[in-house]
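Report on one structure; see the data block that follows.
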Amino acid sequence: MRWAPLVLCLSACVRTPQPPPDCPLGGELFQQTELYFGLTRSDGNQIEQTTFDLFVEQYVVPQLPTGFTSLAGEGRWLEGAKDIREPSRVLIVLHHGDQPVDQALENIRTRYKQLFAQQSVLRVDSRACARF
């Protein structure tokens, strides 16, 4: 019984390694979703900036009222030996991965494909630490 206090003391002094915090430099852990919208229709015509802006106002803003970022971009890829370039827009959304936001993002992708006869809207999800 004389060893019991020593064992308790030693067990209290030994630290179990803890995993590093999700955001080691501070901030809050988010899910970052990027949606990539091509601006070339299947017939080769371009979706004008004003048309895309109207899509954002009518469909994106109501679905994502907490906010997002929109950037201009250019997609490039090889199709056979042909170098394809397509103007694009990228929406970036920070969220907590909850079902309503996930559904809103899928609604936006679906609606864009329907309205502009697009094969796809690329979605990329990753973890991000953010500080405001």
Side-chain angles (χ1 to χ4, degrees):
M1 289 306 266
R2 289 188 299 175
W3 295 100
L6 181 60
V7 170
L8 287 174
C9 179
L10 288 176
S11 65
C13 296
V14 175
R15 292 185 52 199
T16 303
Q18 298 294 317
D22 289 330
C23 293
L25 299 177
E28 185 177 349
L29 182 63
F30 285 90
Q31 181 170 322
Q32 177 174 311
T33 300
E34 300 168 2
L35 300 180
Y36 292 80
F37 300 89
L39 296 178
T40 303
R41 298 175 189 263
S42 58
D43 63 5
N45 289 322
Q46 297 296 308
I47 298 167
E48 299 294 327
Q49 180 64 45
T50 54
T51 303
F52 186 80
D53 291 344
L54 185 60
F55 170 79
V56 169
E57 289 302 318
Q58 290 182 341
Y59 296 101
V60 177
V61 171
Q63 294 280 334
L64 301 172
T66 58
F68 57 89
T69 298
S70 177
L71 305 171
E74 179 184 62
R76 289 185 70 169
W77 66 95
L78 284 176
E79 198 168 279
K82 187 176 180 184
D83 181 26
I84 306 292
R85 295 178 183 205
E86 179 179 16
S88 62
R89 295 295 177 268
V90 181
L91 292 183
I92 302 170
V93 183
L94 292 175
H95 57 96
H96 293 289
D98 58 338
Q99 201 279 331
V101 174
D102 185 66
Q103 187 60 55
L105 292 164
E106 288 306 306
N107 292 344
I108 292 166
R109 293 177 69 228
T110 299
R111 189 67 178 149
Y112 189 80
K113 290 187 285 187
Q114 291 171 343
L115 285 174
F116 301 109
Q118 299 290 299
Q119 288 181 332
S120 65
V121 171
L122 174 64
R123 177 177 174 166
V124 177
D125 292 297
S126 58
R127 293 172 37 141
C129 291
R131 287 170 267 172
F132 296 94

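Considering every non-hydrogen atom in both Q31 and R123, the closest pair reads NE2-NH2, 4.0 Å. C129 and G26 make their closest contact through CB-O, 4.4 Å (heavy atoms, listed as atom of the first residue, atom of the second, distance). The two residues I108 and Y59 come nearest to each other via the heavy atoms CG1-O, 4.1 Å. Contact record, N45 with D43: N-OD1, 2.9 Å, taken as the closest heavy-atom pair. The two residues V121 and Y36 come nearest to each other via the heavy atoms CG1-O, 3.4 Å. G38 and S88 make their closest contact through CA-CB, 4.3 Å (heavy atoms, listed as atom of the first residue, atom of the second, distance).
Note on L54 and V61: separate hydrophobic clusters, where clusters join Ile, Leu, Val, Met, Phe, Trp and Tyr whose side-chain heavy atoms are under 4.5 Å apart, directly or indirectly. The hydrophobic cluster containing V101 does not contain I92, counting ILVMFWY residues as joined when their side-chain heavy atoms lie under 4.5 angstrom apart, directly or transitively. Side-chain heavy atoms closer than 4.5 Å link hydrophobic residues (I, L, V, M, F, W, Y) into clusters, and following such links, possibly through other members, connects L64 to L115.
Residues I47 and Q118 are in side-chain contact: their nearest non-hydrogen atoms beyond the backbone lie under 4.5 Å apart. Q49 is listed as a side-chain neighbour of R89, based on a closest heavy-atom distance under 4.5 Å. Side-chain contact between I84 and L78: absent, with no pair of heavy atoms (C-beta onward) separated by less than 4.5 Å. Using a 4.5 Å cut-off on side-chain heavy atoms (C-beta onward), H95 and L105 make contact. Taking the side chain as every heavy atom from C-beta outward, F55 and F37 approach each other to under 4.5 Å. Contact check for F68 versus L35: no side-chain heavy atoms found under the 4.5 Å cut-off.
One distance of note links CG of L122 with CZ of R109; it measures 7.5 Å at 0.5 Å rounding. Once rounded to the nearest 0.5 Å, the distance linking CG of D125 with CG of D102 reads 7.5 Å. Here Q99 contributes atom CD and E106 contributes atom CD; the two are 10.5 Å apart, rounded to the nearest 0.5 Å. Atom CZ of R76 is separated from atom CG of D83 by 4.5 Å, given to the nearest 0.5 angstrom. Between L91 atom CG and Q63 atom CD the span is 12.0 Å, to the nearest 0.5 Å.
Checking Q46 against T40 by side-chain atom types alone, a donor-acceptor pair falls below 3.5 Å.
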Mind running side chain to side chain contact (heavy atoms under 4.5 Å, CB included) on R127 and F30 for me, showing each step along the way?
-> CA-CA 6 Å; R127 293 172 37 141; F30 285 90; over 6 Å; no
Derivation and outcome, side chain to side chain contact (heavy atoms under 4.5 Å, CB included), residues L94 and F132 = CA-CA 12 Å; L94 292 175; F132 296 94; 4.2 Å; yes
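Although no hydrogens or angles enter the test, the distance criterion places no donor-acceptor pair under 3.5 Å between the side chain of D98 and the main chain of P100.
Shown here is Q119, whose CD atom has no more than 12 heavy atoms of other residues, nucleotides or ligands within 6.0 Å.
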